[in-house]
Participant: 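Sharing a structure below in structure tokens format, with a few things to ask.
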Amino acid sequence: MAKSLVDQLAKKFTDHMNTAITSSLLQSLQCTQCGQTHSPFTSQTLSPCCQMPLVATYQLDRGVDKAELLTREKTLWRYAEVLPVLDPDNRVSLGEGFTPLLALPRLAKTQSLDRLTLKDEGLNPTGSFKARGMSLAISKAKENGEKACIVPTAGNAGVAMAAYCARAGMEAVVVMPRHTPDAFREECLAYGATVILVDGLINDCAAKVRELNRHGDYFDVSTLKEPYRLEGKKTMGYEIAEQLTWQLPDVIMYPTGGGTGLIGIWKAIREMQSLGWLLPGQPLPRLVAVQAQNCCPIVDTFWGIQANSKQYIGKPTLANGLAVPRPIGEPLILEALQESKGTAIAVSDEEMLEGVSELGRHEGIFAAPEGGALWAATKQLLHEGWLQPNEHILLLNTGSGQKYLDNLKGIWPR
Ligand SMILES: *Cc1c(COP(=O)(O)O)cnc(C)c1O
Ligand SMILES: [Zn+2]
């Protein structure tokens, strides 16, 4: 695979002598456990050294002028230097990213808040921010010569993978819990994917993926077992900074399942510091991991109720994307919470539905239950005094409510 990529690039090079093939500053893949570096020019999954997530590093000292961004396309691909795709022809895109950042004045007023904003990821292709990760993962899979992909999912990741695989001409196998709302399965089928239903949660789906893939027929795009979904999701951090003209909010509320977005936003902030896009000493946002009471392994570890989530047993929640009982990225999530002086909090399914309803009634935003959970958690943290009414609070609404109708039926106040 490495060879085909090198050949491909060599051919490009002779085709366009003297023109830059790539603007990507990709440097290596680094093991998050021991720091050892591995080649970013072949297909990689977990680190060969420790079987832990690999993260991409870039030559950030090469310098990129952020003023250049102004001329670029309004998708996540505007950050090409800090994305891993080497040949622009390998981009598999449906127009993902650069979602709106909306002020929520009417909702803010209900709690006497000065500044409440929401980044609406429900407007991405396939209706969630999973499009960001999958656009990058499938683009890199294509660049590395992969032909077929498989993924365990709580719903949105499977839909996004199915769409991007269709766009890339690749085969897709999606393994999801049987209780996932029908709309997720139907949309995967619309993209021509094979859908396999499993009794249990995403960790049971992951076991099924291992069994189906015992001969290695598929490239496994499981979150953080594949290094580049993180790179797609980190672009939310770049966009928040750019859309706020490089002044970050005080707090980012993030609905945390596998934690890829949370880890990604923190990675983006660190990268922007290295690029000089943020000023030295500029205040950074506190990150809040919001989870469902039915499945809150990060909250329990953060508050010392358990040493880690390796034995955690979760229950299903209406916020399907939060039902991740044993996230492999747990150490990285905790690191981001600690470094940012953030916190972790769980809300009930009833509270998140009320959050969905309030976002809808006051602001015309139909959020996924994961997004509703953010508003519920915000009210709780205000009540506890952890959040102040004069702070700029950003809700990262990860998905649209449209696929969750099975979960939302009949909740509206009349
Ligand atoms: C997957 C998902 C999440 C959790 O995202 P992570 O980055 O894995 O924590 C939250 N909300 C929605 C709508 C999702 O699909
Ligand atoms: Zn290692």
Side-chain angles (χ1 to χ4, degrees), residues 28-38 44 46-55 119-124 126-134 151-161 176-177 180-181 183-184 187 201-202 221-226 229-237 252-267 287-292 295-298 317-333 336-337 344 352 356 366-374 395-404 407:
S28 74
L29 284 170
Q30 191 168 29
C31 173
T32 51
Q33 176 103 353
C34 73
Q36 201 175 312
T37 57
H38 301 274
Q44 300 273 10
L46 289 174
S47 67
C49 42
C50 305
Q51 291 296 301
M52 285 301 279
L54 287 168
V55 296
K119 188 157 173 68
D120 198 1
E121 291 292 301
L123 293 173
N124 275 303
T126 73
S128 86
F129 75 142
K130 291 295 196 300
R132 295 178 187 267
M134 285 302 176
V151 76
T153 177
N156 278 315
V159 175
M161 191 194 82
M176 66 172 69
T180 312
F184 291 96
E187 192 171 339
L201 295 180
I202 192 169
V221 197
S222 300
T223 191
L224 293 170
K225 292 182 185 164
E226 184 286 335
R229 283 173 64 180
L230 176 65
E231 296 306 292
K233 282 189 174 180
K234 86 177 177 190
T235 57
M236 292 187 291
I252 297 177
M253 306 289 293
Y254 185 85
T256 305
T260 320
L262 189 98
I263 299 162
I265 289 171
W266 196 244
K267 182 174 194 273
L287 303 185
V288 179
V290 178
Q291 296 205 296
C295 189
C296 53
I298 296 300
T317 154
L318 297 178
N320 300 74
L322 303 189
V324 184
R326 298 167 193 182
I328 188 168
E330 181 175 45
L332 303 172
I333 299 172
L337 295 181
M352 57 180 87
V356 171
F366 187 23
E370 291 85 341
L374 302 177
L395 311 180
L396 209 148
N397 177 42
T398 43
S400 159
Q402 289 176 358
K403 277 197 259 296
Y404 295 76
N407 292 358

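Atoms considered below: every heavy atom in the structure, side chains included; atoms not considered: hydrogens, waters and symmetry mates. Both counts, for ligands and for their atoms, begin at 1 and track the order of listing.
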Participant: Any idea how many protein N, O or S atoms are nearer than 2.8 Å to the Zn ion (ligand 2)?
Facilitator: 4
Participant: Which residues pass the side chain to side chain donor-acceptor pair (under 3.5 Å) test with S28, sequence neighbours left out?
Facilitator: T57
Participant: Could you check M176, E226, K225, R229 and say which one makes a side chain to side chain contact (heavy atoms under 4.5 Å, CB included) with V151?
Facilitator: R229
Participant: In Å, rounded to the nearest 0.5 Å, how long is the span from NZ of K233 to NZ of K267?
Facilitator: 14.5 Å
Participant: Under 3.5 Å, is there a donor-acceptor pair between the side chain of Q36 and the main chain of C31?
Facilitator: no
Participant: Restricting to pairs with a member in residues 318-328, which pass side-chain hydrogen bond (donor to acceptor under 3.5 Å, both in side chains), not counting sequence neighbours?
Facilitator: N320-N407
Participant: Hey, what do you get for CD (E370) to CG (L318), rounding to the nearest 0.5 Å?
Facilitator: 9.5 Å
Participant: Quick one about R132 and T235 (side-chain donor to acceptor, distance below 3.5 Å, no hydrogens or angles considered), yes or no?
Facilitator: yes
Participant: Enter the distance from N397:CG to E121:CD here, rounded to the nearest 0.5 Å.
Facilitator: 8.0 Å
Participant: When you pair each N or O of ligand 1 with protein N or O atoms, which pairs come out under 3.5 Å?
Facilitator:
| residue | atom | partner | partner atom | Å |
| --- | --- | --- | --- | --- |
| ligand 1 | 7 (O) | K233 | NZ | 3.1 |
| ligand 1 | 7 (O) | Y254 | OH | 2.6 |
| ligand 1 | 7 (O) | T260 | N | 3.1 |
| ligand 1 | 7 (O) | G261 | N | 2.9 |
| ligand 1 | 8 (O) | G258 | N | 3.1 |
| ligand 1 | 8 (O) | G259 | N | 3.3 |
| ligand 1 | 9 (O) | G257 | N | 2.7 |
| ligand 1 | 9 (O) | G258 | N | 3.2 |
| ligand 1 | 9 (O) | G259 | N | 2.6 |
| ligand 1 | 11 (N) | T398 | OG1 | 2.7 |
| ligand 1 | 15 (O) | K130 | NZ | 2.8 |
| ligand 1 | 15 (O) | N156 | ND2 | 2.9 |

Participant: Answer yes or no: are there more than 12 heavy-atom neighbours, outside Q402 itself, under 6.0 Å from its atom CD?
Facilitator: no
